[in-house]
Protein chains: 2
Amino acid sequence: MSGSDRAVLARPQLTPRGRAIRDAALKLFAERGYEATTTTEIGAAVGIRGPSLYKHVSSKQDLLVAIMLDAMDNLHDVHALAVAGVDDVADRLRRAVEAHVRFHTRHRLEAFVGNREIRSLDEVNRAVVVARRSSYERLIRGLIEEGVAASRFHVASVKLASYALLDLGMGVAAWYREDGDLSEDEIVYTYGRFALTLVGAAG
Amino acid sequence: MSGSDRAVLARPQLTPRGRAIRDAALKLFAERGYEATTTTEIGAAVGIRGPSLYKHVSSKQDLLVAIMLDAMDNLHDVHALAVAGVDDVADRLRRAVEAHVRFHTRHRLEAFVGNREIRSLDEVNRAVVVARRSSYERLIRGLIEEGVAASRFHVASVKLASYALLDLGMGVAAWYREDGDLSEDEIVYTYGRFALTLVGAAG
DNA sequence: TGGAAAGGCTAATGCTCAGTAGCCTTGATA
DNA sequence: TATCAAGGCTACTGAGCATTAGCCTTTCCA
């Protein structure tokens with residue numbers, strides 16, 4: 001079973017209003033933070049009062065968890081898709097970084113909230129989200145290790161290089177704007193090449 | 001008058017207890033976020049009750065503002081010091097990035113809070129902090145522009161390159177630990193070199 | 001030695017919030 | 001047409017929060 005299948009199964013069907021609420025919550029969480037967002041505001045964003053939200057959603061916390069888990073599943077999926085069937089390790093890294101960066105432009109709110117609001121999760125949910133994030137980080141680090149083992153990459157520190165690549169994605173989520181003067185493709189392409197120079201990949 | 005002088009003049013003298021309170025607040029703001037930190041907790045961290053804080057501090061918001069402005073002044077200072085008297089533009093960039101990264105290891109809590117809690121500032125304070133941050137970002141971007149103008153650097157986009165360099169610093173603030181297995185010097189040196197390859201500096 | 005300033009404390013104030021209770025309307029179905 | 005579920009609403013509950021009021025002890029100088 002592919003990651004994509006698992007993800008699809010794991011994601012519950014949402015009614016249109018349920019989806020609208022999640023979208024509104026995502027936007028507000030990104031803008032002012034989870035703690036600073038009130039249920040009244042989320043309600044107002046979809047044209048209802050705060051308490052009416054609870055006909056669709058079990059709690060504010062659950063809204064955050066759902067957003068985060070969905071984003072993490074999504075990120076795993078695009079990664080898997082990006083490297084599937086690609087043999088050359090440099091190609092794999094470049095494609096993985098491109099997918100990483102593209103995800104952070106296309107889902108910048110999810111990525112932003114996913115990175116910043118981990119501490120707003122209660123202990124149980126935090127453990128789940130952190131575990132899923134670590135598993136993703138290991139995928140990137142694994143690619144670098146693979147290249148180093150094959151003498152295709154030359155880095156002072158695998159850890160440092162992988163941190164750098166991951167951090168660049170997060171940075172994108174923080175400043176990217178669809179209507180900005182840097183296009184998605186431009187950023188994706190440039191960062192894909194950054195990645196290769198950064199790990200000292202020849203040619 | 002140097003940036004350093006200005007900064008010293010602007011920073012009010014703090015009593016030892018006042019400093020302890022600020023340190024405690026910084027730690028807590030970094031750990032759980034400004035909104036999620038209570039005055040009771042800040043007080044407890046220095047051995048007094050919440051209300052007693054107000055004998056030393058005018059508000060929780062002021063505590064945050066003071067921490068942020070101090071950090072921004074500090075960052076400007078280390079930048080100025082790093083590039084002072086250095087002529088070669090590649091050297092200047094490398095030294096600036098080294099200073100940037102070193103700052104983010106040595107003052108990771110301040111940097112972390114400074115980046116994440118901007119939205120917790122009220123409008124007036126936010127404007128001041130954002131302006132000071134933008135001025136710093138312009139310094140870095142200016143260095144890259146200078147190198148490009150002199151045909152020493154070759155980048156697809158000055159903006160993209162400067163974002164990338166700035167984001168790496170922020171990333172460091174998020175994951176660096178003094179007792180981790182990556183030393184400050186190692187990170188600083190590696191990122192200084194990253195910077196040069198990233199802007200396509202020859203040799 | 002007396003009095004004032006510094007700096008603790010508890011109690012209270014006034015506000016905001018997430019979430020619940022319970023009611024009402026609407027629209028589909030039997 | 002009677003019923004019932006879905007999904008709004010207002011009013012309420014209970015908790016937590018920053019900050020203020022006002023009191024008490026200690027310390028330090030005149």
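Just so it is clear, the values below take in all heavy atoms, side chains as well, and ignore hydrogens, waters and symmetry mates.
Within the 4.0 Å cut-off from OP1 or OP2 of C:dA6, not a single side-chain nitrogen or oxygen of B:H56 is found. For the OP1/OP2 pair of D:dG7 and a distance below 4.0 Å, the side-chain nitrogens and oxygens of A:S52 include no atom meeting the criterion.
In this structure a side-chain-to-backbone donor-acceptor pair under 3.5 Å is present from B:Q61 to B:D122. The closest donor-acceptor contact from the side chain of B:R95 to the backbone of B:A82 lies under 3.5 Å. In this structure, B:R126 contributes its side chain and B:L121 its backbone to a donor-acceptor pair below 3.5 Å. Listed for the A:K27 side chain is no donor-acceptor partner under 3.5 Å among the backbone atoms of A:L109.
Of the residues in residues 118-129 of chain A, not one comes within less than 4.0 Å of DNA chain D through any heavy atom.
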How does protein reach along nucleotides 11-28 of chain C, written 5' to 3' as B (base within reach of a heavy atom under 4.0 Å), S (only sugar-phosphate), or - (no contact)?
B-----SSSB--------
Might you work through the side-chain contact (heavy atoms from CB on, under 4.5 Å) test for B:N74 and B:E110, ending with a clear yes or no?
CA-CA 10 Å; B:N74 227 309; B:E110 289 90 331; over 6 Å; no
Stepwise, does the side-chain contact (heavy atoms from CB on, under 4.5 Å) test hold for A:R132 with A:V129?
CA-CA 5 Å; A:R132 221 170 286 198; A:V129 170; 5.9 Å; no
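The ring pair (Phe, Tyr, Trp, His ring centres under 6.0 Å) search around B:Y163 returns A:W175, not counting sequence neighbours. Listed by chain and number, the residues in a ring pair (Phe, Tyr, Trp, His ring centres under 6.0 Å) with A:H100 are A:H104, A:Y136 (sequence neighbours excluded).
For the pairing with A:L28, the side-chain contact (heavy atoms from CB on, under 4.5 Å) check across A:T38, A:I42, A:D23 returns one residue only, A:I42.
An angle of 10°, rounded to 10°, separates the two end axes of the helix from C:dT1-D:dA30 to C:dA30-D:dT1, each defined over five pairs.
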Tabulate below the donor-acceptor pairs under 3.5 Å that side-chain atoms of residues 187-195 of chain B make, not counting sequence neighbours, or state none.
residue: B:T190; atom: OG1; partner: B:E186; partner atom: O; Å: 2.7

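Atom-to-atom, CZ of A:R17 to C1' of D:dG8 comes out at 9 Å; the value is rounded to the nearest Å. As a whole-Å value, the separation of B:I42 CD1 from D:dA18 P is 7 Å. Atom P of nucleotide C:dA6 and atom CZ of B:R49 are separated by 23 Å, given to the nearest angstrom.
The distance from the CZ atom of A:R19 to the CD1 atom of A:I21 is 11.5 Å, given to the nearest 0.5 Å.
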